[in-house]
J.: 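Sharing a structure, written as structure tokens. Questions coming.
Below, each value reflects all heavy atoms present in this structure, side chains not excepted, and no hydrogens, waters or symmetry copies.
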Amino acid sequence: QKCIFSIGSNQGDSLATITAAIKELEQTPGLDVDAVSSFYRTKPVGDENQPDFLNAAVRVQSTLTPLTLLRRTQAIEKKHGRLRDPSRPKGPRTLDIDLIVIDDLESYSAELTLPHPAAHLRGFVLVPWAEIEPEALLPQGRIIDLINQLDVSGIEKIPR
């Protein structure tokens, strides 16, 4: 199964954290990382009183179940100090790994919604993803077309 992850961080050494998280995905049995986007500096969305984020997209081939993938990403987040603050759901974080799509699977469980319900509204997800998979689709349309409907002026590709 092809899966897309969106990875972000805005606390600590974000570049090192995201790089380490990608390496941990690569080392996960049942996952084969086959594409990683450039890194992008992005403005925070929804809770602007925090530092800019660093974001990337990762494409993997997986033999794992969706919930196993989710638990693996949550374990990687926790290892890197991710704390979930219910009072600031869009607040700062050391590491955030969102599972965006698994092929064309749809899931609406309490634990996991696929495709990610807000992916089509998030330039910080779509712009890195479009770099590695420009013809990708969400239920709302082609990600290239969705990007054109968003203000992506706060998204800047950074050299690695």
J.: State whether the side chain of Arg59 and the backbone N or O of Glu133 hold a donor-acceptor pair below 3.5 Å, judged by distance alone.
T.: no
J.: Is there a donor-acceptor pair under 3.5 Å between the side chain of Asp96 and the backbone N or O of Gly8?
T.: no
J.: Taking a hydrophobic cluster as the set of Ile, Leu, Val, Met, Phe, Trp and Tyr residues connected by side-chain heavy atoms closer than 4.5 Å, whether directly or through intermediates, do Val36 and Ile132 fall within one such cluster?
T.: no
J.: Looking only at non-hydrogen atoms, find the nearest pair between Leu99 and Pro66 and report the distance.
T.: CD2-O, 4.3 Å
J.: If hydrophobic clusters are built from ILVMFWY residues whose side chains come within less than 4.5 Å, do Val33 and Val101 share one?
T.: no
J.: Indicate if Ile4 and Tyr40 have the same hydrophobic cluster label, given that clusters are the connected sets of ILVMFWY residues with side-chain heavy-atom separations under 4.5 angstrom.
T.: yes
J.: Look at the side-chain heavy atoms of Ile, Leu, Val, Met, Phe, Trp and Tyr, link any pair under 4.5 Å apart, and say whether Leu112 and Leu25 land in one connected group.
T.: yes
J.: Would Thr28 and Leu64 satisfy side chain to side chain contact (heavy atoms under 4.5 Å, CB included), going step by step from the backbone distance to the final call?
T.: CA-CA 10 Å; Thr28 300; Leu64 305 177; 4.1 Å; yes
J.: Under a 4.5 Å cut-off applied to non-hydrogen side-chain atoms, are Ile7 and Ile22 in contact?
T.: yes
J.: Find out whether Cys3 and Leu69 are in side-chain contact, i.e. whether some heavy atom of one side chain is under 4.5 Å from a heavy atom of the other.
T.: yes
J.: How long is the straight-line distance from CD1 of Ile143 back to NE2 of His120, given to the nearest 0.5 Å?
T.: 13.5 Å
J.: For the residue pair Glu24 and Arg72, establish whether any side-chain heavy-atom pair is separated by less than 4.5 Å.
T.: yes
J.: Can you find a heavy atom in the side chain of Leu138 that is under 4.5 Å from one in the side chain of Leu126?
T.: yes
J.: State whether the side chain of Ser9 and the backbone N or O of Ile18 hold a donor-acceptor pair below 3.5 Å, judged by distance alone.
T.: no
J.: Hey, are the side chains of Gln1 and Gln61 touching, using non-hydrogen atoms and a 4.5 Å cut-off?
T.: no
J.: Could you check whether Lys43 pairs with Asp52 (Lys NZ or Arg NE/NH1/NH2 to Asp/Glu carboxylate O, under 4.0 Å)?
T.: yes
J.: Looking only at heavy atoms, what is the nearest atom pair of Thr65 and Thr68, with distance?
T.: OG1-OG1, 2.7 Å
J.: Working to the nearest 0.5 Å, report the span between CD of Gln11 and CZ of Phe53.
T.: 8.0 Å
J.: Starting from the C-alpha separation in whole Å, work towards a yes-or-no answer on side chain to side chain contact (heavy atoms under 4.5 Å, CB included) for Asp98 and Phe5.
T.: CA-CA 5 Å; Asp98 284 335; Phe5 294 104; over 6 Å; no
J.: So which heavy atom on Thr42 is nearest to which on Asn55, and how close?
T.: OG1-OD1, 2.6 Å
J.: Checking Ser6 side chain against Val125 main chain: does a donor-acceptor pair fall under 3.5 Å?
T.: no
J.: When you look at CG of Asp104, are more than 12 heavy atoms from neighbouring residues, nucleotides or ligands closer to it than 6.0 Å?
T.: no
J.: Would you check if the side chain of Asp103 reaches a backbone N or O of Leu105 as a donor-acceptor pair within less than 3.5 Å?
T.: no
J.: Roughly how far apart are Ile144 CD1 and Glu135 CD, rounded to 0.5 Å?
T.: 7.0 Å
J.: With heavy-atom distances below 4.5 Å as the criterion, would you say the side chains of Trp129 and Ser37 are in contact?
T.: no
J.: Taking Glu131 for its side chain and Phe39 for its backbone only, find out whether a donor-acceptor pair lies under 3.5 Å.
T.: no
J.: Answer yes if Ile155 and Ile147 sit in the same cluster of Ile, Leu, Val, Met, Phe, Trp and Tyr residues linked by side chain heavy atoms under 4.5 Å apart, and no otherwise.
T.: yes
J.: Can you find a heavy atom in the side chain of Gln50 that is under 4.5 Å from one in the side chain of Asn10?
T.: yes
J.: With rounding to the nearest 0.5 angstrom, report the NE2 to CG distance, His80 to Asp13.
T.: 11.5 Å
J.: Which atoms form the tightest heavy-atom contact between Pro128 and Gly123, and what is the distance?
T.: CD-O, 3.8 Å
J.: Side chains of Leu54 and Ile158, heavy atoms from C-beta outward: is any pair under 4.5 Å?
T.: yes
J.: Looking at CD of Gln74 and CD1 of Ile97, how far apart are the two atoms once the value is rounded to the nearest 0.5 Å?
T.: 9.5 Å
